2 protein chains.
Amino acid sequence: MEDKKELDQRKAMILKAVIDNYIESFEPVGSRTIAKRYDMGLSSATIRNEMADLEEMGYLSSPHTSSGRVPSTKGYRTYVDNMLKPAIERPELASDIISKLEDKMTEYGKLIRACAEIISDITQYIAIGTTKGSGKVIVKAVQLVPVDDQNVLVVMVPDGSIKSKLVKLPAPISADRIIGLSSVFNRTFSGKPAEFISLMSINRISDEADIARDMLLPITDGIFDCIRQCEADEFFTEGASRLLKCPEFDSVDKARDFIDMIQDKDVLEQIVNLSDDESGLTVSIGTENASDGLSDFSVVSAKFNVDGNCIGSVSVVGPTRMDYQKVISSLEYMKRMLEKKAATDAGPKLLEDKNGEDQI
Amino acid sequence: MEDKKELDQRKAMILKAVIDNYIESFEPVGSRTIAKRYDMGLSSATIRNEMADLEEMGYLSSPHTSSGRVPSTKGYRTYVDNMLKPAIERPELASDIISKLEDKMTEYGKLIRACAEIISDITQYIAIGTTKGSGKVIVKAVQLVPVDDQNVLVVMVPDGSIKSKLVKLPAPISADRIIGLSSVFNRTFSGKPAEFISLMSINRISDEADIARDMLLPITDGIFDCIRQCEADEFFTEGASRLLKCPEFDSVDKARDFIDMIQDKDVLEQIVNLSDDESGLTVSIGTENASDGLSDFSVVSAKFNVDGNCIGSVSVVGPTRMDYQKVISSLEYMKRMLEKKAATDAGPKLLEDKNGEDQI
DNA sequence: GGTTAGCACTCGAAGGAGTTGAGTGCTAAC
DNA sequence: GTTAGCACTCAACTCCTTCGAGTGCTAACC
């Protein structure tokens, strides 16, 4: 009552104990439980007093008069900021993750999906992934692949990704023509920013390749489509059903509401845009979340940066009493691994400035 | 009591009324409800007697002594087989579906996914789609697309689909080399069945194109990978969260169990393999299902055939008291539309035997 | 003989009273 | 500052009653 300044060490210890317990049991924690489970050399009465102080200070709250205490957003915040052990290395996880990623490493879209999957697997919460639509798409290459006499696969290679679209031409055309056309397209567009691909260029190609404009239209449409795919942020959700295993969903209504919410574009945006420009992780707890519907949930978000560009993000959504330790350390670990691997290993974009001195 | 032969017309009418009611309300149906809601010119007492008969005959059952009646599997079966109105055309749906399918028509995998999505949207139940891995894959075309100096996109075109895989070569190579190589690969493999692509051919290509074998290996690996993708049956589930909206999931446990079950490969197999070789729809009701876990659910399954080959299937899974009318008619409709559209319209495979008389 | 009205009976669902136990706040003693 | 002790609170549980929808059966009716 007298002083309401910072947490002293004992209060901090008790706060941590309460939160640890609550995370584990999802039940309001009483003073006696703490006294018994942690050998602090304090009686339940003393702890009771401290807990009353913590409540007054806003770190804890009680659902009703005579029940144990539950952490508040402020309590979780302190816990997350100050009380977590530094992320531990988990070599046993590492090899597993690496092997799962190995296959996917060639394209960022698939890669991030794989990350989200793995993270959801590890943490048992929902993981939401995004691939960041790079604002300005640079076309590295365009290729046309003849499929049959009237269908052409348009392949566009921007940075760090590959997009393709099958288009149907208004009339049959020979494979050789397509291949010839392919090199005209490639010559015209490669290295150019996406804005460059305007209708103007069609006329140029039409002249150069001596081909009717309406044969080219579906192809350029296809390219536009690929560009649009690149520019668009993509969302995907992994492990939604897992959340049903959380005891907080004791009624089906809650589960329903949550699932409805998590499918709302706006909420997804909020979840994902949460992390600011920093390169680290962001944790948003309970009422800290912008969206009301998320006030009983926490979001831990990691952005993945390669070569200074954000290529996407993975966020974990779980109940406020989530296992922060686990979530944060696995996300951090994933982020480190992915960025390191991307920097040393494949990924089309990273080879740009190499010289082809070994060329065969 | 006296005679236990077939349903007479009145019994059938009452049975249908009970099932209609139960499907709507998910509550045991009493004789009075029927008497009031349907103007049959019969009192509740008479209907009560008839319902007792229906129970004795196995079409209905009552959860406990003094509650209304609930349809049994046999009851549903009779309902589905004899009492549904023929599928109605829904022009308003048609245009919607067609426009949604338009975009996806180029590849069967995406197409069936889109179908499952639409069906789940319409029916509000879970839809499970599969693409049938065609046993014997015929390689229509192989193309290599240079991405940058060390990465190559391997594109393989089998029937009705397109697969691609990005591979990394052990050493840089020029785009022109790749394009040259591409035509060698294509010449060697196109029109050949997948089995043909053996290690033998690598040597041949290695000779013909004058290139080191270890540069070719990643590429053939990529092709193998594409073939494997074609051969594999693929599953996907749409609208799983919708099922939570069914009142039968009054407890979270049930929902959990169901979601666990629906993710089990074996159960999925059963759901999908349910439909026999017939070309129509298959309905499996409650206890008719092979898997115990599904005994409170019904599955309606449609196989899609194009040119006499099954290209995949979509199944709807819902509670036994699902709206069969809606599910069956929309699935049937979808099947008809898809097959018709596939027969008249694009889809790479369908152009094969056309001559390129219009060639530009 | 089929149909109907009437009545006693059944049984789950809903609501309320009493009990239990974990937990609190407060006070007084150490 | 810490602790023991005690009165108090309140959700959760159990037990009990009431309520009503629905049944089966019987006797009367057309």
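We name chains A, B, ... by the order of the sequence lines, and we start the count at 1 in each one. All values derive from a computational prediction rather than experimental measurement.
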Review point. Judged by modelled atom types alone, do T320(B) and D296(B) share a side-chain donor-acceptor pair under 3.5 Å?
Key: no
Check your understanding: Whole Å only: how far is the CE atom of M40(A) from the P atom of dT2(D)?
Key -> 13 Å
Practice item. Return yes if a side-chain donor-acceptor contact under 3.5 Å exists between R69(B) and S61(B), otherwise no. Key: no
Practice item. Could you state the atom-to-atom distance from CG of D53(A) to C1' of dG1(D) in whole Å? Key: 12 Å
Review point. Side-chain N or O of T46(B) less than 4.0 angstrom from OP1 or OP2 on dT4(C)?
Key: yes
Practice item. Name the pairing partner of dA29(C), where a pair is Watson-Crick or G-U wobble with both distances under 3.5 Å, or state none. Key: dT2(D)
Review point. How many angstroms lie between atom OG of S329(A) and atom CE of M334(A), to the nearest 0.5 angstrom?
Key: 11.5 Å
Review point. Nearest-Å distance, CZ (R10(B)) to C1' (dT4(C))?
Key: 12 Å
Check your understanding: What about the rings of Y59(A) and Y79(A), do their centers lie closer together than 6.0 Å?
Key -> no
Point to revise | E27(B) CD to dG20(D) P, straight-line distance once rounded to whole Å | key: 16 Å
Study note, to complete from the structure: 5' to 3', nucleotides 21-30 of chain D under a 4.0 Å protein heavy-atom cut-off (B base, S sugar-phosphate only, - none) gives -BBBB-----
Review point. Should the ring pair Y76(A) and Y324(A) be called parallel, tilted or perpendicular, given that the plane angle runs from 0 to 90° and is split at 30 and 60?
Key: tilted
Check your understanding: Rounded to the Å, how far apart are H64(B) NE2 and dT10(C) P?
Key -> 14 Å
Exercise for review: Consider only side-chain N and O atoms of T73(B) and T287(B), and report whether a donor and an acceptor are under 3.5 Å apart.
Suggested key: yes
